[in-house]
Amino acid sequence: GQNIDQPTEMTATEGAIVQINCTYQTSGFNGLFWYQQHAGEAPTFLSYNVLDGLEEKGRFSSFLSRSKGYSYLLLKELQMKDSASYLCAVNTNAGKSTFGDGTTLTVKP
Amino acid sequence: NAGVMQNPRHLVRRRGQEARLRCSPMKGHSHVYWYRQLPEEGLKFMVYLQKENIIDESGMPKERFSAEFPKEGPSILRIQQVVRGDSAAYFCASSPGRLTNTGELFFGEGSRLTVL
């Protein structure tokens, strides 16, 4: 089976940095993905990691350690519009994506 | 280039009625995935289909739920004899082929089912 864990909620201040962690246990690992979902909207793709290390994409970075089954999403220079749910997802060799329950991030002024 | 199109966006049904949710994948995409999202929860995988084939239905409830993706036309998620617990957002996603280690999903806006 597969198990993906991430914190339920986080709060941060505008302009700050926040790190959202994700741990996973899966067979047939084939990439880890982060999606953003605003309330009432569709999830949208943010980033993916296949190999260990950090991938940077503007204000967003994502890190992966396959040996530890661990990833994090780092958001810098937080803006109010970053308030959303952040979903960690694992692709498997079976050809599908399994999602964690998401972390609801609230950015406060 | 239209994205993943789902309809209806909102659907209200009474207990015991049927709900049909439709999904047209992005142009050029032949793989479709259905996910269910309960309020304040994550996306739960239901079924993965390719044209005319169900690849993985391990997340589908054994009764009342069915899905198809015919050669022509949209994918359909069908829920028979709906109950209040079926109230949720149902998201469809598509990909051009089998998901790889760099292949993300493209989601539709979702169909929100309310069962009275």
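So you know, we letter chains A, B, ... as the sequences are listed, proteins then strands, and number each from 1. If you're wondering where the values come from, they're calculated on a predicted model, not measured in any experiment.
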*asked:* Taking side chain as everything from C-beta outward and backbone as N, CA, C, O, which of these in B/E41 sits under 4.5 Å from a heavy atom of chain A? Side chain, backbone, both or neither.
replied: backbone
*Measure B/Q37 against the heavy atoms of chain A and call it side chain, backbone, both or neither at under 4.5 Å.*
side chain
_Worked check of side-chain contact (heavy atoms from CB on, under 4.5 Å) between A/D101 and B/K44_ = CA-CA 8 Å; A/D101 284 345; B/K44 301 302 180 189; 2.7 Å; yes
*Which atoms of A/Q6 come close to chain B, meaning under 4.5 Å heavy atom to heavy atom: side chain ones, backbone ones, both, or neither?*
neither
*So which heavy atom on A/A42 is nearest to which on B/G108, and how close?*
CB-O, 2.9 Å
Residue [X] excluded, over 12 heavy atoms near [atom1] under 6.0 Å:
X: A/M10; atom1: CE; value: yes
X: A/K108; atom1: NZ; value: no
X: A/R59; atom1: CZ; value: yes

Quick check: do [X] and [Y] have side-chain heavy atoms less than 4.5 Å from each other?
X: B/F91; Y: A/Q37; value: yes
X: B/Y35; Y: A/P43; value: no
X: B/E104; Y: A/S97; value: no
X: B/L105; Y: A/Y35; value: yes

*Between A/F99 and B/F45, is the gap from one ring center to the other below 6.0 Å?*
no
Going hydrophobic residue to hydrophobic residue with side-chain gaps under 4.5 angstrom, can you get from [X] over to [Y]?
X: A/L75; Y: A/L64; answer: yes
X: B/V4; Y: B/L77; answer: no
X: B/V32; Y: B/F65; answer: yes
X: A/Y70; Y: A/Y24; answer: no

